[in-house]
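Written below as structure tokens is the structure these notes are about.
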Amino acid sequence: MENKCENLSLYIIDELSEHEKEQFERHLKTCIPCQNEIDSLQEAWQVLSYDIEETDVPESLKAEVMNFIFEEENSLKTNEVKDKKHSFLERFKLLLTKQFSPLSAGITAVLIMGLIGLLWSNLQLKDTIIALENQSVSPTQIVRTFNLKGQDLATSANGIAYLLQDGRDNSLVIELNNMPGTKDDEVYQVWLLKNGNRQNAGTLKPDENGNGLITYRLPKNHSFDDIGITLEPNPNNTQPQGHKVMGTT
Amino acid sequence: MKSKTDEELIELIVQNHRPALEELYDRYVKLVYSFSLKMTKGDGEKTKEIVQQVFLRLWTTKRTYSSAQGKFANWLLTITRNIAIDLIRKEQKHTGAIQLELNEWRQIPDQQTEDVPQQVSRNLLKHQIQEAKQHLSEPQRRLINLLYWEGYSLSEIAELEKKPLGTIKSRLHQTLKKLRNYFSEETGGVRHGK
Ligand SMILES: [Zn+2]
């Protein structure tokens, strides 16, 4: 038996660090004694869980669990918000849910209204609208709202972003106003910020009145803390090259 | 719903099908509830919190359970135990002190249970484990209690027992082996379906 074999029990009870776990898994591939032992020891560990006295479950529990799950699901994103912003966002969310929720019909109208008169090249919006229209089962909810404020070249600009949840899908809708016009290839690019990382969430050009609208379908399990907008010399950058002109407040 | 396998229900849950979750709840809540109640030493409020988290995890799970991962009940209890330990550890941090409670394994007469095969096999497993425990030494039983049910880490246990970590590690290995050997001798093995 090598030294590594000692870690077999710790592996079974899941008390190894990620690194040690990887090391042990490598070891396991080549160690016959460990391979012979692991299944039966694991079973022994798991059978321990049946050492319980089965108790009758309170009737009321099911309703409590189900309510918890289906309410929790709607506020999951909100709960991830850092404490500092919590109260602000909670308040905002409360306000919005009171006034607008559920949104399934309303949001489509808002999006279409926003579209009128826009210089628009973002195909994602169409997808989002179609997706929203097709999902009649669970109404769309605003789970988070962000205020955006301009700075630098775009001090007068402002905007608001809504994180929408529709069943399992999350989309971000950002509405911007008073944006300075763009020249030639210049575009505004939206970035989602999380722990110092930036994720590209699309580009837009405002219309002649300085208004813009962009939607972005979030990848599964993707979360972010803040939104930043830069003015880029050209579209399709994966990292910002231009100056930041707007951000969440 | 009733005729669906656990695996089929999980598949439906991934597709956001609420009745499938309710069916799984009906099938397993008793097990999860009783298990959590033991982990919390009979605290009804904490037990409720754990049960809620377990089924929330099940609902939000993006990963499909497959029978290759072993029995669904084992998988579910592993989740339950992790959630319960998180909760217990959080509270230990808050109270700031580690309490050592060497409560004995209580033997309460069986309550009336449903007449379903699953219930029978659960009772059988319970019987096996309770038998097997009789063959452990007192320190071994204590180790299992602290580690499995009270959620202490091995190094915490080493501290509580005033023994080097290495001793506790090898005690764990010996204990698991003894349990395993007992199962394979007395019952022809607990390894089913593999
Ligand atoms: Zn080995």
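Within every chain, numbering begins at 1; the chains are lettered A, B, ... in the order of the sequence lines, protein sequences first and strands thereafter.
The residue from Lys169(B), Arg171(B), Lys177(B), His173(B) that alone fulfils the side chain to side chain donor-acceptor pair (under 3.5 Å) condition with Ser9(A) is His173(B).
With chain B as the partner, the residue from Ile13(A), Asp14(A), Asn7(A) showing the most heavy-atom pairs under 4.5 Å is Ile13(A).
Annotation: side chain of Thr175(B) is not in contact with side chain of Trp45(A) (no heavy-atom distance under 4.5 Å). Taking the side chain as every heavy atom from C-beta outward, Leu61(A) and Gln52(B) never approach each other to under 4.5 Å. In this structure the side chain of Val51(B) never reaches within 4.5 angstrom of the side chain of Phe68(A), judged on heavy atoms. Between Leu21(B) and Phe70(A), some side-chain heavy-atom pair lies under the 4.5 Å cut-off.
Residue contact with chain A, scored on non-hydrogen atoms closer than 4.5 Å, involves the side chain of Tyr33(B) exclusively. Both the backbone and the side chain of Phe55(B) come within contact range of chain A, with heavy atoms under 4.5 Å apart. Residue Leu37(B) touches chain A through its side chain alone, counting heavy-atom pairs closer than 4.5 Å. Heavy atoms closer than 4.5 Å to chain A are found nowhere in Lys178(B), neither backbone nor side chain. The parts of Leu154(B) that come within reach of chain A are both its backbone and its side chain, each placing non-hydrogen atoms under 4.5 angstrom from that chain. For Thr78(B), the part lying near chain A is the side chain, with the backbone staying farther off; criterion is any non-hydrogen pair under 4.5 Å. The part of Glu15(A) that comes within reach of chain B is its side chain, from C-beta onward, which places non-hydrogen atoms under 4.5 angstrom from that chain.
Rounded to the nearest 0.5 angstrom, Ile69(A) CD1 and Trp59(B) CH2 are separated by 8.5 Å. Note that OG of Ser40(A) is 11.0 Å distant from CG of Leu179(B), once rounded to the nearest 0.5 Å. The distance from the CE atom of Met66(A) to the CD atom of Glu22(B) is 5.0 Å, given to the nearest 0.5 Å. Considering NZ of Lys48(B) and CD of Glu64(A), their distance stands at 3.5 Å, rounded to 0.5 Å. Note that the CG atom of Asn74(B) and the OH atom of Tyr50(A) stand 4.0 Å from one another [nearest 0.5 Å]. Taking OG1 from Thr55(A) and CZ from Phe35(B), the interatomic distance works out to 12.5 Å, rounded to the nearest 0.5 Å.
More than 12 non-hydrogen atoms from other residues, nucleotides or ligands lie less than 6.0 angstrom from CZ of Arg18(B). No more than 12 heavy-atom neighbours from other residues, nucleotides or ligands sit within 6.0 angstrom of CD on Glu59(A). Within a 6.0 Å sphere centred on NE2 of His127(B), other residues, nucleotides and ligands contribute 12 heavy atoms or fewer.
When every heavy atom of Ser49(A) is checked against every heavy atom of Trp149(B), the shortest pair comes out as O-CH2, 4.0 Å. Of all non-hydrogen atoms in Ile52(A) and Ser34(B), the two that sit nearest each other are CD1-CB, 3.9 Å.
Using a 4.0 Å cut-off between a side-chain N of Lys or Arg and a carboxylate O of Asp or Glu, Lys126(B) and Glu54(A) do not qualify as a salt bridge. Residues Lys133(B) and Asp51(A) are paired through a salt bridge, judged by an N-O separation under 4.0 Å between the basic side chain and the carboxylate.
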From CA spacing to verdict: side-chain contact (heavy atoms from CB on, under 4.5 Å), Gln46(A), Leu77(B) = CA-CA 9 Å; Gln46(A) 281 183 336; Leu77(B) 288 180; over 6 Å; no
